[in-house]
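All heavy atoms count here, side chains included; hydrogens, waters and symmetry mates do not.
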Amino acid sequence: MAHSDEEEDYMSMVFEDVPKQPQVETSIQRAARRRREERARLNSRTKAERAADAEAAREAALATALPETNKGFKMMAKLGFKQGDTLGKSESARKDPIQVVVKGDKGGIGLESDKKRKKREQWEQAGREAKRTKETEGDYLAHLRQARKDKKAETDLDNAQRTAERLSDKKAEGQNTSENIETPLEDINILWRERARNRLKEQRRQRGEITRVSRVEALVDADDDDDTKIAHSRDIVPFYTTLEDDLIDEDTELAEFKALPVLDRLHKVLIYLRDTHHYCYWCGHQYRDAEMDGCPGETGEDH
Amino acid sequence: MVVKRDTYDDEDGARAKRQKVEPQDNPYLAHWNDEPPRSRKPANSDRLQSLTRHATTAKQATAAEDGPLNPFTGRTLSGKYMSILKTRRDLPVHQQRDRFLKLYQESQILVFVGETGSGKTTQIPQFVLFDDLPHLNAKMVACTQPRRVAAMSVAQRVAEEMDVELGEEVGYSIRFEDKTGPNTMLKYMTDGMLLREAMHDNNLSRYSTIILDEAHERTLATDILMGLLKEVVLRRKDLKLIIMSATLDATKFQKYFHDAPLLAVPGRTHPVEIFYTPAPERDYVEAALRTVMQIHSTEGEGDILVFLTGEEEIEDACRKISLEAQEGQDEGSGGPLVVYPLYGTLPPAQQQRIFSPAPGPGRNGRPGRKVIVSTNIAETSLTIDGIVFVVDPGFSKQKVYNPRIRVESLLVSPISKASAQQRAGRAGRTRPGKCFRLYTEQAFKHELIEQTYPEVLRSNLASTVLELKKLGVDDLVHFDLMDPPAPETLMRALEELNYLACLDDEGELTQLGSLASQFPLDPALAVMLITSPEFYCSNEILSLTALISVPQIFVRPAANRKRADEMKDLFAHPEGDHLTMLNVYHAFKGDDAQANPKQWCHDHFLSYRALQQADNVRMQLKRIMEREELELMSTPFENKKYYENIQRALVAGFFMQVAKRDGTGKAYITVKDEQSVLLHPSTVLARDSDWVVYNEFVLTTKNYIRTVTEVKAEWLLDIAPNYYDLTTFKKGEIKRSLQAVITKAQRTAMAKGSRR
């Protein structure tokens with residue numbers, strides 16, 4: 001009856017723009033809708049899902065203790081029973097009902113726990129392996145990257161220091177022609193003092209002039225008797241007397257500098273080169289002025 | 001098929017005459033017959049005269065036993081008596097008679113431990129008789145048994161041993177059957193029966209000695225009795241109490257009874273070698289069958305006992321073993337093998353078959369064997385000689401009750417260590433044996449609980465609470481049980497009894513509760529029966545109650561399921577299973593069926609035994625109803641309310657076991673506990689009933705309700721307004737639909753009012 005619509009329209013008193021249903025649904029409609037929705041929701045579930053729901057509801061109910069509003073509780077309360085009490089006079093009385101365990105298969109005693117144990121072991125094993133893989137992969141690679149970075153930074157630092165020393169010497173030569181080779185170590189710029197110290201060390205070793213200076217001696221109290229002093233110098237001192245340590249010990253400024261991360265040290269040297277000599281380590285070029293026109297930036301990444 | 005109601009229900013239809021039954025005819029009131037203590041001294045009981053009460057020696061007693069006259073009856077002792085006496089003297093307990101008498105005389109309470117086969121159940125009560133001499137004081141000695149069958153068979157045996165008629169000096173009393181007489185001095189009875197007697201006689205004054213046998217089984221009734229007797233012995237210093245147990249864990253009993261002395265008699269057992277499996281079994285039934293076949297083909301002579309969990313599993317296993325054994329024999333590798341099932345619901349005649357001798361050796365010289373596949377009834381209660389091999393998969397069906405979802409169900413559960421030891425012991429009865437445990441030693445040590453949970457922890461206590469109330473125990477919270485259950489169990493029981501109006505809000509017994517306690521039934525059934533006259537159908541409800549109280553009346557053999565279902569359909573009532581059962585009973589009592597009831601039952605796939613039993617129970621319950629002046633009546637069958645009245649009466653008892661169909665129309669939701677359940681496949685309910693009452697909530701991998709009948713929401717609100725008080729309901733579909741029913745009823749009432 002395709003034409004019936006037209007006929008009805010002809011006779012219709014309904015205005016097009018008026019909604020056919022009231023905006024607010026009545027309680028009966030709401031109830032009907034809810035029922036419909038509920039049914040649709042339930043029907044959409046599979047048998048297995050429903051079974052799982054039923055089991056979940058059962059387990060939930062089994063895990064919930066009866067409330068104190070229970071009439072039986074009130075009767076027991078009249079006899080002096082309180083929540084958490086047990087019945088009778090025995091000390092070992094139960095607090096909770098015996099658990100209901102529904103056995104769904106023909107598995108023998110211990111099979112379930114054996115399965116669980118195996119599964120748990122598998123999980124643990126898998127977990128351990130995953131962790132190890134991650135360690136070997138992630139950590140090792142990161143470590144490797146870091147080591148490479150550090151090594152590169154060390155090389156850069158060494159090169160930059162050499163350049164800085166060279167430029168600085170060149171500048172000094174330019175300003176003042178007098179030979180000034182025997183500058184005391186502590187007057188050399190901290191940025192490349194290590195290089196100078198290493199050179200000095202090498203010279204001294206060649207001269208066989210190894211001094212033993214004890215850090216411990218300095219610590220030793222003046223009031224200590226001679227025996228103690230002897231004992232200290234004899235027994236303890238040799239452990240602390242290495243040439244390197246001597247030199248660092250004497251030069252706290254250098255020690256502090258050396259304690260900085262290699263990248264920081266590199267950064268300091270590079271800034272020195274830029275500020276003082278308008279030299280960019282990355283460009284490998286000494287610019288004319290402080291503008292350093294043409295250099296993309298301070299860091300290696302910029303280049 | 002709808003069966004027209006016959007007139008057997010009572011003499012004149014709806015209005016039954018009130019019949020007053022004299023108390024002496026009521027087996028429950030047998031102890032009321034307090035005829036003056038007549039001296040039951042036989043004329044020539046000289047030998048007993050020489051004995052002093054509580055001061056006899058074993059020597060004096062054995063002299064009295066030797067005859068030539070029966071010391072209790074004065075009759076000449078038979079030759080059979082003499083030959084039995086000889087074997088009795090060989091029993092292990094006999095060696096301890098002197099020690100037993102000494103302890104018995106010295107102490108009011110005694111714990112006696114005798115392993116199976118020691119002879120304690122038959123001999124100890126007789127030892128007591130010769131010292132307690134109860135008949136001289138018009139008292140009796142009671143010996144309780146957890147099972148009816150045991151009470152009957154032991155009484156029979158002891159009557160023979162004492163050369164007396166069963167029901168005379170020695171008798172028994174079980175639910176719905178009392179075989180005792182005025183001369184009875186030794187009474188074997190179920191523990192439940194003694195408990196019921198205590199309800200009328202709180203001091204158990206008829207007895208001078210009470211023996212609680214098989215106490216290790218820890219049945220509900222035994223546990224309650226122990227709690228009661230612990231108090232009674234304080235009131236009655238002349239009462240002696242013996243707790244008998246078959247297991248060595250008797251120290252628990254000792255401790256409970258204020259460190260009572262203990263006497264232990266070893267049984268006659270042989271060593272049993274125990275084998276475990278190296279790994280857990282995937283399928284314990286399959287493993288059991290494999291083990292049986294392996295024993296059969298490799299081990300020497302000796303019968304096999306296999307423990308499985310239930311009828312279906314056992315029958316199935318028996319079939320498979322027979323088949324395999326036949327194959328083996330055809331191939332010439334195995335000897336002859338016969339297989340017998342054994343479970344509680346098996347007819348006694350078939351149970352007896354397990355005692356038939358094993359077949360002889362085959363032509364190939366391999367030994368013949370019998371295999372018994374049994375539930376745990378073969379664990380303690382039955383002794384089968386010749387068992388050398390035990391196969392123990394480690395499971396049994398155990399009753400479980402959980403008050404949180406109010407479900408009482410039989411579930412397959414792991415056994416306890418004690419139970420496993422008991423099972424193993426069965427292999428060493430005749431000679432050294434072997435026990436094959438189908439689990440690992442590790443599992444035995446770590447997965448099995450020490451002791452099986454006593455029944456009191458696994459039961460709905462509603463009827464027990466009613467009994468205790470009637471027994472005068474008011475402080476139920478502090479009643480001294482050996483293993484008190486979880487408080488929630490008592491809570492639920494009290495709540496249920498309150499809704500049934502058996503207890504008031506103070507927890508005091510109401511008149512209805514007192515009346516309900518007179519019936520040996522669940523409180524819900526008792527209330528249904530008591531209120532049934534209000535619905536004009538007490539005759540029908542009486543039949544129905546009896547039918548619900550007996551084992552399944554429908555038989556559905558695996559080989560003939562279709563035919564059985566067709567036969568059941570003949571009786572089907574579209575509105576439910578209760579009404580269908582009633583139709584069956586009415587047909588069974590009809591002339592056609594009664595002409596040859598056994599054949600009729602066989603033809604219709606009905607259990608003749610169950611129906612007969614129902615008939616018997618009905619008769620007993622009818623007596624109680626008459627005694628309590630409850631009217632027996634029926635709605636005329638022609639009346640269209642005939643079935644509706646029955647359904648309404650059902651609601652009066654089972655309003656707490658109601659489920660509503662859920663949105664999908666496939667499953668049901670139980671009222672208040674809101675558990676999703678399915679109708680058991682056995683139901684005949686043929687309509688899409690929105691509301692049903694159910695008799696049982698069965699827990700398997702799915703939740704089922706079994707034995708269901710349609711009811712109407714209006715009836716629920718009308719008959720059990722306290723329970724269906726909507727303010728106590730959780731929000732949800734059930735509350736919504738009940739509210740709708742109320743609103744509709746109100747509207748109808750208003751419409752009627754305005755029309756007037």
*Quick check: are there more than 12 heavy atoms from other residues, nucleotides or ligands sitting under 6.0 Å from CZ of A:R33?*
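Check passes, neighbour count above 12.
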*Take A:R94 and B:Y453 through the side chain to side chain contact (heavy atoms under 4.5 Å, CB included) test and state the conclusion after the steps.*
CA-CA 11 Å; A:R94 302 188 69 85; B:Y453 292 122; 3.7 Å; yes
Please classify the contact of [X] with chain A as side chain, backbone, both or neither, using a heavy-atom distance under 4.5 Å.
| X | answer |
| --- | --- |
| B:R492 | both |
| B:D483 | neither |
| B:Y499 | side chain |
| B:P414 | both |
| B:D392 | neither |
| B:Q675 | side chain |

With a 4.5 Å cut-off on heavy-atom pairs, point out which of [options] contacts chain A the most.
| options | result |
| --- | --- |
| B:V477, B:L494, B:V285 | B:V477 |
| B:L490, B:L438, B:L448 | B:L490 |
| B:K702, B:M482, B:E506 | B:E506 |
| B:A486, B:G394, B:A667, B:G507 | B:A486 |
| B:N498, B:L481, B:V400 | B:N498 |
| B:F479, B:F395, B:Y401 | B:F395 |

*Any idea which heavy atoms bring A:F81 and B:P487 closest together, and the distance?*
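The pair with the smallest heavy-atom distance is CZ-CB, 3.5 Å.
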_Distance-minimising heavy-atom pair for B:P485 and A:L87_ =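 Shortest heavy-atom separation between B:P485 and A:L87 comes out as O-CD1, 3.5 Å.
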Rounded to the nearest 0.5 Å, what separation is found between the [atom1] atom of [X] and the [atom2] atom of [Y]?
| X | Y | atom1 | atom2 | answer |
| --- | --- | --- | --- | --- |
| B:Y256 | A:K89 | OH | NZ | 9.0 Å |
| B:K255 | A:S90 | NZ | OG | 7.5 Å |
| A:R58 | B:S676 | CZ | OG | 10.5 Å |
| A:L66 | B:E495 | CG | CD | 7.0 Å |
| B:Y439 | A:L111 | OH | CG | 15.0 Å |
| A:I109 | B:T440 | CD1 | OG1 | 9.5 Å |

*Check the pair A:V101, B:L411 against side chain to side chain contact (heavy atoms under 4.5 Å, CB included), reporting the backbone distance first and the verdict last.*
CA-CA 8 Å; A:V101 182; B:L411 289 182; over 6 Å; no
*Can you list the steps and then say if A:V100 with B:L699 is a side chain to side chain contact (heavy atoms under 4.5 Å, CB included)?*
CA-CA 9 Å; A:V100 174; B:L699 210 56; 3.3 Å; yes
*Please state whether the side chain, the backbone, both or neither of A:A63 comes within less than 4.5 Å of a heavy atom of chain B.*
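The backbone, not the side chain.
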*Can we say B:E313 and A:K106 salt-bridge, meaning some charged N sits less than 4.0 Å from an Asp/Glu carboxylate O?*
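Yes, this pair counts.
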*List for me each residue that meets side-chain hydrogen bond (donor to acceptor under 3.5 Å, both in side chains) alongside B:R404, sequence neighbours excluded, and say none if there are none.*
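B:R404: side-chain hydrogen bond (donor to acceptor under 3.5 Å, both in side chains) contacts with A:D96, B:E488.
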_With chain B as the partner, which of A:A65, A:A93, A:S113, A:G110 has the greatest number of non-hydrogen pairs under 4.5 Å?_
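Going by pairs under 4.5 Å, I would pick A:A65.
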*Close approach to chain B in residues 68-78 of chain A, criterion heavy atom under 4.5 Å*: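 The residues closer than 4.5 Å to chain B, in numerical order, are A:N70, A:K71, A:G72, A:F73, A:M75, A:M76, A:K78.
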